[in-house]
Peer 1: 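Quick one: the structure is below, questions incoming.
Everything numeric here is computed off the predicted structure, so don't read it as measured data. Note: hydrogens, waters and symmetry copies are ignored here, and every other heavy atom, side chains too, is used.
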Amino acid sequence: MRIIEASNRRALSAALARERSTDRAFERRVARIVERVRRDGDAALEWCAKRFDGVSPPLEVSRDEMVAAAATVPADVRRAIRQAARHIARVAAHQMPKRWHLTVAPGVHVEQRVEPLARVGCYVPGGRFPLPSSMLMTAVPARVAGVREIVAVCPRPEPAVMAAALEAGVTRLLRVGGAHAVAAMAYGTESLSRVDKIVGPGNRYVAVAKAMVSADCAIDFYAGPTEIVVVAGAGRSDWIAADLVAQAEHDPDARSIFITWSRSLAERVARAVMARSAGPDGETIRRAIASGGVAIVTRTAQEALALANRIAPEHLVVDRESLTRQRLVAGAVFVGPYTAQAAGDYATGSNHVLPTAGAARGRGGLSATDFVRVMAVQRITKAGLRGLAPTILPLARAEGLTAHAASIDVRIADKSR
């Protein structure tokens with residue numbers, strides 16, 4: 001793990017640079033898959049599933065199959081799934097926006113109405129590891145929000161994933177993944193109605209396909225490789241290293257960044273990271289640490305936090321409460337030595353589907369609010385419109401929109417009751 005000084009601007013810029021190179025050939029390949037499924041529906045989806053996922057029809061997993069598979073899951077895992085789902089649901093319920101009604105002025109009433117989306121699609125990765133936690137994190141908030149149809153796709157849904165689907169309230173589970181699964185949810189096929197929104201992480205095929213369909217179907221956000229930033233000036237180097245290594249375990253492109261104002265701590269953490277990634281099963285970790293692992297030494301705690309905010313990471317870990325009283329820019333924040341980031345992946349109830357690559361500057365993680373439509377409903381009486389006219393008419397005429405002004409004039413000129 002490299003150690004650099006924050007004052008070394010060139011080294012710092014190189015360490016924090018994000019690869020944004022565009023692979024046009026790859027994008028064309030994804031576009032062909034998306035267009036094929038959009039055009040040919042089920043036939044294309046089945047062809048892609050066989051070609052890319054190694055799955056033959058039927059693609060849908062029946063409820064009986066899910067129940068049978070879930071019964072094979074060890075009891076402690078089933079209990080953990082149930083408890084995690086309860087925690088996620090509790091947090092999601094508090095995230096729900098409220099309906100309200102306001103009298104803005106005499107005769108002018110505005111209501112906020114909150115309606116659940118009708119149908120959502122949850123993408124659950126099925127690559128190197130089965131991820132029942134991702135099933136829970138995407139589907140449980142949708143259920144809490146009141147979504148009636150929750151479609152989940154996963155190229156290889158292991159029994160634990162099926163158990164999580166049942167616990168989360170998934171209504172349909174398809175054994176399919178990649179860009180073709182995204183296209184099927186976005187545009188629909190003969191057997192699958194299009195969804196209102198697609199959520200959940202995936203590989204680069206999934207990420208690029210989500211970006212491509214986003215003009216026609218809402219998505220949560222573009223998700224790139226996972227990342228963690230730990231900001232600490234003291235503490236146990238082996239615990240800090242454990243968090244950095246845990247994130248590197250996900251992906252060889254993962255970023256694990258430690259920022260500190262203690263050079264000696266940086267050195268201890270770097271040694272601990274290398275020791276933890278030295279095992280025979282640590283190839284992914286070693287690749288991630290080699291490419292995206294760095295310890296940065298700043299002069300002060302304030303400089304460290306400012307640098308973390310500049311990165312706007314997916315996960316931000318801070319070692320002391322005092323740092324939270326300042327501005328924070330991250331997908332999710334973990335405070336103190338016992339608030340391990342992995343706890344948020346599974347058990348705290350806070351969502352682990354989070355923005356990456358600086359997208360936390362604009363939003364936080366997935367929540368129940370992603371599964372509802374918030375609408376304004378307006379009501380104005382005749383007297384109320386007369387009261388608004390001195391505000392509406394000058395503004396409409398100043399903008400040159402005379403027809404807008406006329407639509408008000410014709411009403412206030414009416415002498416009927």
Peer 1: Using the rule given for side chain to side chain donor-acceptor pair (under 3.5 Å), can you reason through Ser367 versus Thr369, listing the C-alpha separation, both sets of side-chain angles and the distance that settles it, and then say yes or no?
Peer 2: CA-CA 5 Å; Ser367 78; Thr369 60; 2.6 Å; yes

Peer 1: Rounded to the nearest 0.5 Å, what's the gap from CZ on Arg2 to CZ on Phe258? Could you check?
Peer 2: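 It comes to 15.0 Å.
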
Peer 1: Does atom CZ of Arg36 have more than 12 heavy-atom neighbours from other groups under 6.0 Å away?
Peer 2: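 More than 12 heavy atoms, drawn from other residues, nucleotides or ligands, come within 6.0 Å of this atom.
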
Peer 1: What class does the angle between the rings of Phe52 and His180 fall in, given that below 30° is parallel, 30 to 60° is tilted and above 60° is perpendicular?
Peer 2: tilted

Peer 1: Taking the side chain as every heavy atom from C-beta outward, state whether Val182 and Ile219 have any atom pair closer than 4.5 Å.
Peer 2: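 Side-chain contact under 4.5 Å: no.
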
Peer 1: Minimum heavy-atom separation for Ala330 and Leu316, please, with both atom names.
Peer 2: CB-CB, 3.6 Å

Peer 1: Less than 4.5 Å apart, side chain to side chain, heavy atoms only: is that true for Thr171 and Arg148?
Peer 2: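 No. Closest side-chain heavy atoms not under 4.5 Å.
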
Peer 1: Please determine whether the number of non-hydrogen atoms from other residues, nucleotides or ligands lying under 6.0 Å from atom NE2 of His87 exceeds 12.
Peer 2: yes

Peer 1: Nearest heavy-atom pair of Asp319 and Gly233: which atoms, and what distance?
Peer 2: OD2-N, 3.0 Å

Peer 1: Taking the basic N atoms (NZ, or NE/NH1/NH2) and the acidic carboxylate oxygens, is any pair closer than 4.0 Å for Arg363 and Asp220?
Peer 2: no

Peer 1: Would a distance-only check, ignoring hydrogens and angles, find a side-chain to backbone donor-acceptor pair under 3.5 Å from Gln247 to Ser256?
Peer 2: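 No; judged by distance alone, with no hydrogens or angles, the pair does not exist.
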
Peer 1: Does Ile240 form a side-chain contact (heavy atoms from CB on, under 4.5 Å) with Thr260? I'd like the steps, not just the answer.
Peer 2: CA-CA 11 Å; Ile240 296 169; Thr260 181; over 6 Å; no

Peer 1: Name the residue from Val229, Ile228, Val333 that meets the side-chain contact (heavy atoms from CB on, under 4.5 Å) definition with Pro313.
Peer 2: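 Exactly one option meets the side-chain contact (heavy atoms from CB on, under 4.5 Å) with Pro313, and it is Val229.
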
Peer 1: State the OG1-CG distance between Thr339 and Asp243, to the nearest 0.5 angstrom.
Peer 2: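 Spacing of OG1 (Thr339) from CG (Asp243) equals 10.0 Å.
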
Peer 1: Between the side chain of Asn309 and the main-chain N/O of Val329, is any donor-acceptor distance below 3.5 Å?
Peer 2: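 Checked: pair present.
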
Peer 1: If we ignore hydrogens and angles and just use 3.5 Å, is the side chain of Arg143 paired with the main-chain N or O of Glu167 as donor and acceptor?
Peer 2: yes

Peer 1: Would you please test Val55 and Val176 for side-chain contact (heavy atoms from CB on, under 4.5 Å) and show each step?
Peer 2: CA-CA 7 Å; Val55 176; Val176 64; over 6 Å; no

Peer 1: Whether the Asp345 and Gln341 side chains hold a donor-acceptor pair (N or O, under 3.5 Å, no angle test) is what I'd like checked.
Peer 2: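 Result is yes, a qualifying pair exists.
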
Peer 1: Just do the side-chain contact (heavy atoms from CB on, under 4.5 Å) check on Met274 and Arg271 with the steps written out, would you?
Peer 2: CA-CA 5 Å; Met274 301 315 293; Arg271 287 195 296 269; 5.9 Å; no

Peer 1: Would you call the rings of Phe334 and His315 parallel, tilted or perpendicular, taking 30° and 60° as the class edges?
Peer 2: tilted

Peer 1: Using a 4.5 Å cut-off on heavy atoms from C-beta on, say whether the side chain of Arg276 contacts that of Ile289.
Peer 2: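 Ile289 vs Arg276: side chains apart.
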
Peer 1: Any sub-3.5 Å donor-acceptor pair from Thr284's side-chain atoms to Pro252's backbone N or O?
Peer 2: no

Peer 1: Would you mind reporting whether Arg10 and Asn8 have side-chain heavy atoms less than 4.5 Å apart?
Peer 2: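 Answer yes - side chains close enough.
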
Peer 1: Against Thr226, only a single residue in His250, Glu314, His352, Arg255 fulfils side-chain hydrogen bond (donor to acceptor under 3.5 Å, both in side chains); can you say which?
Peer 2: Glu314

Peer 1: Do Phe221 and Val353 have side chains that get closer than 4.5 Å, going by heavy atoms?
Peer 2: yes

Peer 1: Can Arg175 and Asp53 be counted as an ion pair, charged N to O under 4.0 angstrom?
Peer 2: no

Peer 1: Can you check whether Arg119's main-chain N or O pairs, donor with acceptor, with Asp196's side chain at less than 3.5 Å?
Peer 2: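 Yes; judged by distance alone, with no hydrogens or angles, the pair exists.
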
Peer 1: Before giving the answer on side-chain contact (heavy atoms from CB on, under 4.5 Å), spell out for Ile296 and Ile257 the whole-Å C-alpha distance, their side-chain angles and the decisive distance to 0.1 Å.
Peer 2: CA-CA 8 Å; Ile296 302 170; Ile257 299 173; 4.0 Å; yes

Peer 1: Counting only N and O atoms by type, is there a donor-acceptor contact under 3.5 Å from the side chain of Glu65 to the main-chain atoms of Val61?
Peer 2: no

Peer 1: Look only at the side chain of Arg194 and the backbone of Met185, and say whether a donor-acceptor pair between them is shorter than 3.5 Å.
Peer 2: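 No, the answer is negative, given that no donor and acceptor are paired below the 3.5 Å cut-off.
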
Peer 1: What is the minimum heavy-atom distance between Ile285 and Val245, and which atoms define it?
Peer 2: CD1-CG1, 3.7 Å

Peer 1: Just wondering, do Ile259 and Thr298 contact through their side chains at under 4.5 Å, heavy atoms?
Peer 2: yes

Peer 1: How many angstroms lie between atom CG of Asn351 and atom OG of Ser134, to the nearest 0.5 angstrom?
Peer 2: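 These two atoms lie 9.0 Å from each other.
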
Peer 1: Salt bridge check, Arg263 against Glu267: does any charged N sit closer than 4.0 Å to a carboxylate O?
Peer 2: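 Answer for the salt bridge query: yes.
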
Peer 1: Looking at OG1 of Thr138 and CD1 of Ile198, how far apart are the two atoms once the value is rounded to the nearest 0.5 Å?
Peer 2: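 Spacing of OG1 (Thr138) from CD1 (Ile198) equals 12.5 Å.
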
Peer 1: Which pair of heavy atoms, one from Ala6 and one from Glu303, lies closest together, and at what distance?
Peer 2: CB-OE2, 3.6 Å

Peer 1: Hey, could you give me the CZ/CZ distance between Arg236 and Arg268, rounded to the nearest 0.5 Å?
Peer 2: 11.5 Å

Peer 1: OH of Tyr123 to NZ of Lys210: how many Å apart, nearest 0.5 Å?
Peer 2: 10.0 Å

Peer 1: Compare every heavy atom of Ala168 with every heavy atom of Leu136, then report the nearest pair and how far apart it is.
Peer 2: CD2-CB, 4.3 Å

Peer 1: Can a donor-acceptor pair be found, under 3.5 Å and without considering hydrogens, that links the side chain of Thr324 to the backbone of Glu321?
Peer 2: yes

Peer 1: With side chains defined as the heavy atoms from C-beta onward, is the minimum distance between Arg172 and Glu149 less than 4.5 Å?
Peer 2: no

Peer 1: Any sub-3.5 Å donor-acceptor pair from Arg286's side-chain atoms to Ser277's backbone N or O?
Peer 2: yes

Peer 1: Flag yes if more than 12 heavy atoms outside Arg411 fall under 6.0 Å of its CZ atom; otherwise flag no.
Peer 2: no

Peer 1: How close do Ile150 and Ala139 get, heavy atom to heavy atom, and via which atoms?
Peer 2: CD1-O, 3.8 Å

Peer 1: Short question: side chain of Gln112, backbone of Val374 - any donor-acceptor pair under 3.5 Å?
Peer 2: no

Peer 1: Between Val124 and Pro157, is there a side-chain heavy-atom distance shorter than 4.5 Å?
Peer 2: no

Peer 1: Is Arg379 salt-bridged to Glu111, going by a charged N under 4.0 Å from an acidic O?
Peer 2: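 Looking at Arg379 and Glu111, the cut-off is met.
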
